[in-house]
Peer 1: 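I'd like to ask some things about the structure below.
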Amino acid sequence: MEDTRAPRPRRPPAVGDAAPTLAVDPSAPRRRPSGRLVDDWHRESGSRLPLGEWADPATRRLAASFEGPADLVAVEHAVVAFAQARAGAGHPAEAVAADLTALVRLAWPAAADLWTTWADPVGLLARALGAWAAEREAGPGSGDCIDPVTGLVSAAYLRARVAELHAQCDALAIAPQVTFGAVAVQLALGAATAPERIGVRVAAGRILARRFRAGETVAAPSTSRLVVVMPAYGVDRGIDQVTADLAGLAAPAGVAVTVTRRAFGADGPATFASLAGVSVGS
């Protein structure tokens, strides 16, 4: 009996270590739902990123922009947002280029379609890499990320880390207020001499850095405040540990130490303000 079934489409070759190419397999499906496209895109790109990171809203929006009628402006905006998000997460330009090349190969059936009826894929890639470079240039440098006295990460790093955690919660549709929390250590340094203030900060920073080594973010957002960001379920235990560790540390200098729980807010700026003890917008 003659087989009347339609032939199965050939899968495009995977992107390897070679330089990105924009050749597109003509048999690739023309459109895919964005959720399935993200899954296929993750596999096709050869990226080492876990699939959970591909749930970033910028990635979902870019995949969705390839659905329906072609809208060059929407795609360009989504490409730029994707590149900025990748830059903010510390991924190199080569990985961004490989990811975008894989997306083009999966989502469009023929290179000719891209060149003649829709857009210039090389131009899109160039705009993405330009956005990546601009984001890296605008972000805090390594010197801005470390507090020079305590050796802990700075307020600039803490702000970026909080934004990243909120983005992860948004992508997974979970509430940041019940997912993450923090232990805040407030040092009342007003009555201490300059050497005493430095000594107390250094000692407190070392104690916290030794205590928290399981992926928590230990930061010094100001001269009188230290913060430990962690999963919410560990905050109460963290408060007990920090209170015991710092007991008597600053007594000789007459420095009072207050250890409190700090909750995540509804968005990144509100959470950073809560953790760092500053006004929203500072």
Peer 1: Pairs in or reaching into residues 197-235: which pass ring-ring contact (aromatic ring centres under 6.0 Å, His included), with residues at least two apart or in two chains?
Peer 2: none
Peer 1: Work out which heavy atom in Pro176 is nearest to a heavy atom in Gly265; give both atom names and the distance.
Peer 2: CG-O, 3.9 Å
Peer 1: Quick one, Val183 and Val235 - any side-chain contact, counting heavy atoms below 4.5 Å?
Peer 2: yes
Peer 1: Does the side chain of Cys169 reach to within under 4.5 Å of the side chain of Ile174, using non-hydrogen atoms?
Peer 2: yes
Peer 1: So, for Ala128 and Ala83, which heavy atoms are closest and what is the spacing to 0.1 Å?
Peer 2: O-CB, 3.1 Å
Peer 1: How long is the span from the OG1 atom in Thr217 to the CG atom in Leu165, to the nearest 0.5 Å?
Peer 2: 6.5 Å
Peer 1: Report the residues that fulfil side-chain hydrogen bond (donor to acceptor under 3.5 Å, both in side chains) with Arg61, sequence neighbours left out, ordered by chain and then residue number.
Peer 2: none
Peer 1: Test Val153 against Arg161 for side-chain contact (heavy atoms from CB on, under 4.5 Å), laying out the working first.
Peer 2: CA-CA 10 Å; Val153 299; Arg161 178 59 175 157; over 6 Å; no
Peer 1: Other than Ile198, which residues form its hydrophobic cluster under the rule that side-chain heavy atoms must be closer than 4.5 Å?
Peer 2: Val149, Val202
Peer 1: Listing request: all side-chain hydrogen bond (donor to acceptor under 3.5 Å, both in side chains) pairs with a residue in residues 178-187, at least two apart in sequence or in separate chains.
Peer 2: Gln186-Ser224, Gln186-Arg225
Peer 1: In terms of relative ring orientation, are Phe82 and Trp41 parallel, tilted or perpendicular, with 30° and 60° separating the classes?
Peer 2: tilted
Peer 1: Just wondering, do Ser47 and Asp99 contact through their side chains at under 4.5 Å, heavy atoms?
Peer 2: yes
Peer 1: Taking atom CD1 of Ile207 and atom OG1 of Thr150, what is their separation to the nearest 0.5 Å?
Peer 2: 12.5 Å
Peer 1: Would you mind reporting whether Thr223 and Arg197 have side-chain heavy atoms less than 4.5 Å apart?
Peer 2: no
Peer 1: Going from CZ on Arg127 to NE2 on His77, what distance comes out if it is rounded to the nearest 0.5 angstrom?
Peer 2: 10.5 Å
Peer 1: Got a sec, which hydrophobics cluster with Val80, joining ILVMFWY side chains under 4.5 Å apart, including via others?
Peer 2: none
Peer 1: List the steps and the verdict of side-chain contact (heavy atoms from CB on, under 4.5 Å) for Leu100 and Leu129.
Peer 2: CA-CA 10 Å; Leu100 289 173; Leu129 297 183; 6.0 Å; no
Peer 1: Look up atom OG1 in Thr101 and atom CD in Glu44, then write down how far apart they are to the nearest 0.5 Å.
Peer 2: 10.5 Å
Peer 1: Under 3.5 Å, is there a donor-acceptor pair between the side chain of Arg262 and the main chain of Ser274?
Peer 2: yes
Peer 1: Any pair with a residue in residues 203-214 that passes side-chain hydrogen bond (donor to acceptor under 3.5 Å, both in side chains), sequence neighbours left out, goes on the list, sorted by first then second residue, please.
Peer 2: Arg211-Asp245
Peer 1: Any idea which heavy atoms bring Ser222 and Arg201 closest together, and the distance?
Peer 2: O-NH2, 3.9 Å
Peer 1: State, to 0.1 Å, how close Val75 and Ser65 come at their nearest heavy-atom pair, and which atoms those are.
Peer 2: CG2-O, 3.6 Å
Peer 1: So, do Val229 and Phe264 sit near enough that their side-chain heavy atoms are less than 4.5 Å apart?
Peer 2: yes
Peer 1: Walk me through whether Val218 and Leu226 qualify under side-chain contact (heavy atoms from CB on, under 4.5 Å).
Peer 2: CA-CA 7 Å; Val218 186; Leu226 307 176; 6.0 Å; no
Peer 1: How long is the span from the SG atom in Cys145 to the CG atom in Leu152, to the nearest 0.5 Å?
Peer 2: 13.0 Å
Peer 1: Evaluate the side-chain proximity of Val255 to Glu196: yes if any heavy-atom separation is below 4.5 Å, no if none is.
Peer 2: no
Peer 1: Would you find more than 12 non-hydrogen atoms of other residues, nucleotides or ligands less than 6.0 Å from Arg237 atom CZ?
Peer 2: no
Peer 1: First locate atom CG of Leu187, then atom CG of Leu246, and finally report the distance between them rounded to the nearest 0.5 Å.
Peer 2: 8.0 Å
